[in-house]
Amino acid sequence: MRNLLFSLIGSCALAVSAGCNNQTSKTLPILGSRDPVTKVVDGKTVTDTLYHSIPDFRLLNQDSVFIDNQQFENGVYIANFFFTHCPSICPTMQRNLLKVYEKYKGDERVKFLSHSIDFRHDSPSVLKSYAEKLGVTNDQWQFVTGAKAAVYNLADSYMVYTKEDSNVPGGYDHSGYLLLVDSNRHIRGAYDGTNDEQVQLLLDELAILLKEYE
C-alpha cells in the first residue's frame, strides 16, 4: 500500500508539465484505483469510472464526541496520521499543517482531520491537551481516536503506511503524508508534511481545488 501511494505521487510529479499541477487547468487528479462500471441508461450501455474513495467512519474526537463523514461532506479536508508522543516526524508534520490551518482558520470550506494511531495512550483528553498546545482553537481541526482495526484500516483507505512496531522510536511506524480530500471523499493530493516545498504545494493545490466549489 505504501508503494502504491509512492507510485501515485511519482506519477503525478511526472505529469506536472502535462497539467497535473497546471494553474490553468483548474483541476487536480484523483488518486487511487479506478474501476470501470457498465450500466444501461435509456436502453444504451455506457461505461463510467468508479474512483477510489474514503469509506464511512465513526471515531471519537478530542471532545469525547463521535464524528463521522457527515462533518466533512460540505467542503474539503486535509487528513493525516500521527500520535501525540511521537519523537520523530509528527512534531514537524503537525507544525506544518498548523500553517495551513492558520491560513484557512474560520473558512468553513476547509477542515482538518488528524487520526491518532496510538489507540492505547491517546485518549480524548490527551488529544484535547495536544490540540490546545499546538494552537488549535476551534472545531475546524478534529483529532480522533478509535479501535486499532478501525484506524489502521482507514489508513489503508488513505493509502498511507501505519504500523505498531516496538523496534522504532515511540513504538509506532508511519508515513508523514498530508492527504487532500474533496467533498466526494476522493483523494486529490498527497504531500510530505515534513517538507516545506511539499507543504507549499499543498497550499497551492488546495487553492486550486477550492475553485471547484466557487
Side-chain angles (χ1 to χ4, degrees), residues 5 8-9 12 20-32 51-63 65-82 90-116 127-128 130-145 151 154-155 157-160 175-214:
L5 179 55
L8 287 168
I9 295 171
C12 185
C20 180
N21 186 34
N22 188 335
Q23 289 282 352
T24 62
S25 69
K26 306 294 185 182
T27 61
L28 297 178
I30 297 176
L31 303 185
Y51 292 96
H52 174 80
S53 62
I54 303 303
D56 291 343
F57 61 81
R58 188 171 183 265
L59 298 167
L60 197 63
N61 75 356
Q62 69 267 33
D63 296 313
V65 175
F66 281 104
I67 66 168
D68 56 30
N69 305 77
Q70 292 183 354
Q71 274 79 15
F72 303 91
E73 64 183 6
N74 294 321
V76 306
Y77 70 95
I78 301 163
N80 70 345
F81 291 78
F82 83 112
C90 293
T92 300
M93 175 178 59
Q94 297 295 65
R95 285 195 301 268
N96 282 334
L97 187 53
L98 182 67
K99 297 175 185 177
V100 186
Y101 166 79
E102 290 175 339
K103 179 177 177 61
Y104 285 93
K105 189 175 180 180
D107 190 332
E108 296 181 354
R109 301 173 301 168
V110 182
K111 296 183 179 180
F112 303 81
L113 180 60
S114 288
H115 309 74
S116 171
L127 294 176
K128 182 74 170 181
Y130 178 90
E132 291 174 346
K133 290 179 181 178
L134 185 61
V136 176
T137 58
N138 64 14
D139 62 1
Q140 198 171 345
W141 190 343
Q142 298 287 322
F143 296 79
V144 294
T145 185
V151 174
L154 197 55
S157 296
Y158 282 100
M159 299 183 293
V160 296
S175 59
Y177 283 102
L178 308 176
L179 296 310
L180 179 58
V181 184
D182 67 19
S183 61
N184 295 314
R185 308 185 191 180
H186 296 148
I187 301 173
R188 304 298 293 274
Y191 315 88
D192 182 349
T194 66
N195 181 287
D196 289 342
E197 292 182 358
Q198 285 281 297
V199 175
Q200 183 58 54
L201 180 60
L202 165 59
L203 285 165
D204 294 342
E205 296 196 334
L206 173 56
I208 293 173
L209 182 58
L210 288 174
K211 290 185 180 296
E212 295 185 12
Y213 299 93
E214 293 180 349

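Hydrogens, waters and symmetry mates are skipped; everything else that's a heavy atom, side chains included, is used. On a predicted model such as this, the values are computed, not experimentally measured, just so you know.
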Any side-chain to backbone donor/acceptor pair from [X] onto [Y]? Under 3.5 Å, distance only.
{"X": "Q71", "Y": "D68", "result": "yes"}
{"X": "D192", "Y": "Q198", "result": "no"}
{"X": "H52", "Y": "S157", "result": "yes"}
{"X": "N61", "Y": "D63", "result": "yes"}
{"X": "N80", "Y": "G176", "result": "no"}

(request) Starting from the C-alpha separation in whole Å, work towards a yes-or-no answer on side-chain contact (heavy atoms from CB on, under 4.5 Å) for L113 and I67. (result) CA-CA 11 Å; L113 180 60; I67 66 168; 4.1 Å; yes
Flag side-chain contact, heavy atom, 4.5 Å: [X] against [Y]:
{"X": "S53", "Y": "H186", "result": "yes"}
{"X": "D196", "Y": "K99", "result": "yes"}
{"X": "N96", "Y": "L202", "result": "no"}
{"X": "L179", "Y": "M159", "result": "no"}
{"X": "L178", "Y": "M93", "result": "yes"}
{"X": "Y104", "Y": "V76", "result": "no"}
{"X": "Y158", "Y": "I54", "result": "yes"}

State the [atom1]-[atom2] distance between [X] and [Y], to the nearest 0.5 angstrom.
{"X": "L154", "Y": "R58", "atom1": "CG", "atom2": "CZ", "result": "14.5 Å"}
{"X": "Y191", "Y": "L206", "atom1": "OH", "atom2": "CG", "result": "8.0 Å"}
{"X": "L127", "Y": "T145", "atom1": "CG", "atom2": "OG1", "result": "6.0 Å"}
{"X": "N184", "Y": "I30", "atom1": "CG", "atom2": "CD1", "result": "7.5 Å"}

Of all heavy-atom pairs between [X] and [Y], which one has the smallest distance, and what is that distance?
{"X": "P55", "Y": "N69", "result": "O-ND2, 3.1 Å"}
{"X": "Q140", "Y": "D107", "result": "NE2-O, 3.1 Å"}
{"X": "S114", "Y": "F82", "result": "CB-CE2, 3.6 Å"}
{"X": "A190", "Y": "Y177", "result": "C-CD2, 4.2 Å"}

(message) Could you tell me if Q200 and D204 have a donor-acceptor pair between their side chains, going purely by distance under 3.5 Å?
(response)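 Yes.
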Parallel, tilted or perpendicular: ring planes of [X] versus [Y], cut at 30 and 60 degrees:
{"X": "F72", "Y": "Y77", "answer": "tilted"}
{"X": "W141", "Y": "Y101", "answer": "tilted"}
{"X": "Y130", "Y": "F143", "answer": "perpendicular"}

(request) Begin with the C-alpha distance, continue with both residues' side-chain angles, and end with the deciding distance and a verdict on side-chain contact (heavy atoms from CB on, under 4.5 Å) for R188 and I208. (result) CA-CA 11 Å; R188 304 298 293 274; I208 293 173; over 6 Å; no
(request) Quick one: do E197 and N195 satisfy side-chain hydrogen bond (donor to acceptor under 3.5 Å, both in side chains)? Show the steps, please. (result) CA-CA 6 Å; E197 292 182 358; N195 181 287; 5.4 Å; no
(request) Test V199 against V100 for side-chain contact (heavy atoms from CB on, under 4.5 Å), laying out the working first. (result) CA-CA 8 Å; V199 175; V100 186; 4.3 Å; yes
(request) Start with the C-alpha distance between L98 and Q94, add both sets of side-chain angles, then the distance that settles side-chain contact (heavy atoms from CB on, under 4.5 Å), and finish with yes or no. (result) CA-CA 6 Å; L98 182 67; Q94 297 295 65; over 6 Å; no
